[in-house]
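None of these values were measured; they are calculated from a predicted model.
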Amino acid sequence: MSIIKVEPPVNTRITQLAFLDRFTDDEAVDIDLASIENTREAALLRRYLQKVNAATYIDLTRSDLAEDLQKLVNFGILAQERVNVILSAPIQEHEIFKG
């Protein structure tokens, strides 16, 4: 009889603060400044920020999160490499959503 090892599920849910902390201060300021303009892009940024603020937690594997971060790349606010780091950096114990 062989023993089957079952891996525990990988938790991909982090707190809002942990998600926001994955951005540098300069990136956060750039997002904020870009969001106050009177353009469609600024409105999309405000919508993105509203979704982050309304979230109970941030699931790093959600496709809509990746799409929203891709918009930041398209708007010239973030580099693609930073999006990859934000979404794939190892989740630290203090980042885990425990709700």
Side-chain angles (χ1 to χ4, degrees):
M1 175 185 218
S2 63
I3 297 175
I4 299 173
K5 183 177 180 181
V6 177
E7 295 292 326
V10 176
N11 187 357
T12 59
R13 298 183 304 177
I14 62 174
T15 66
Q16 289 172 311
L17 178 60
F19 178 69
L20 294 174
D21 280 347
R22 287 177 171 231
F23 293 85
T24 67
D25 287 343
D26 285 340
E27 291 167 345
V29 168
D30 289 344
I31 291 168
D32 183 58
L33 289 174
S35 74
I36 61 176
E37 296 178 18
N38 189 21
T39 64
R40 178 166 176 73
E41 289 82 9
L44 287 169
L45 286 174
R46 289 190 297 274
R47 173 71 176 132
Y48 160 72
L49 295 171
Q50 289 171 343
K51 289 179 0 182
V52 169
N53 289 328
T56 303
Y57 57 84
I58 305 297
D59 185 340
L60 296 173
T61 61
R62 284 183 58 133
S63 61
D64 59 340
L65 176 63
E67 291 166 9
D68 287 339
L69 291 176
Q70 188 60 49
K71 290 174 188 170
L72 297 178
V73 173
N74 296 342
F75 298 159
I77 297 171
L78 281 182
Q80 184 63 53
E81 298 79 31
R82 286 292 299 137
V83 170
N84 296 341
V85 169
I86 289 166
L87 292 176
S88 64
I91 297 174
Q92 305 300 311
E93 182 63 30
H94 69 276
E95 292 183 303
I96 297 172
F97 174 76
K98 296 179 173 117

Working note: L69 + L72, criterion side chain to side chain contact (heavy atoms under 4.5 Å, CB included); need CA distance, chi angles, decisive distance, verdict. CA-CA 5 Å; L69 291 176; L72 297 178; 3.8 Å; yes
Using 0.5 Å steps for rounding, measure from the [atom1] atom of [X] to the [atom2] atom of [Y].
X	Y	atom1	atom2	value
L60	L87	CG	CG	6.0 Å
N84	E81	CG	CD	7.0 Å
D21	Q92	CG	CD	12.0 Å
E41	L44	CD	CG	7.0 Å
Q70	L65	CD	CG	11.5 Å
R13	I58	CZ	CD1	12.0 Å

Cluster overlap [X] with [Y], hydrophobic side-chain contacts below 4.5 Å:
X	Y	value
L49	L20	yes
I14	I96	yes
V52	V73	yes
F97	F23	no

Here the pair of heavy atoms bringing A34 nearest to I77 is CB-CD1, 3.7 Å
What one should report as the nearest heavy-atom pair of S35 and D32 is OG-O, 2.7 Å
side-chain hydrogen bond (donor to acceptor under 3.5 Å, both in side chains) involving R22 - partner list, sequence neighbours excluded: E95
Backbone of L78 reached by a side-chain donor or acceptor of E27 within 3.5 Å: no
Apply the test side chain to side chain contact (heavy atoms under 4.5 Å, CB included) to residues Q80 and V83: give CA-CA distance (whole Å), side-chain angles for both, the deciding distance (0.1 Å), then the verdict. CA-CA 5 Å; Q80 184 63 53; V83 170; 3.9 Å; yes
Test: ring-ring contact (aromatic ring centres under 6.0 Å, His included). Region: residues 64-85. Which pairs qualify, not counting sequence neighbours? none
Co-members of L33 in a cluster of I, L, V, M, F, W and Y side chains, linked at under 4.5 Å: V29, I36
Who clusters with L17? Use side-chain heavy atoms, under 4.5 angstrom, across I, L, V, M, F, W and Y, and order the result by chain and number. none
Using the test salt bridge (charged side-chain N to carboxylate O under 4.0 Å, His left out), find all partners of D64 that sit at least two apart in sequence or belong to another chain. R62
Is the number of heavy atoms from other residues, nucleotides or ligands under 6.0 Å of D25 CG greater than 12? no
With side chains defined as the heavy atoms from C-beta onward, is the minimum distance between V85 and R82 less than 4.5 Å? yes
Sorted by chain and residue number, the ring-ring contact (aromatic ring centres under 6.0 Å, His included) partners of Y48 (sequence neighbours excluded) come out as none
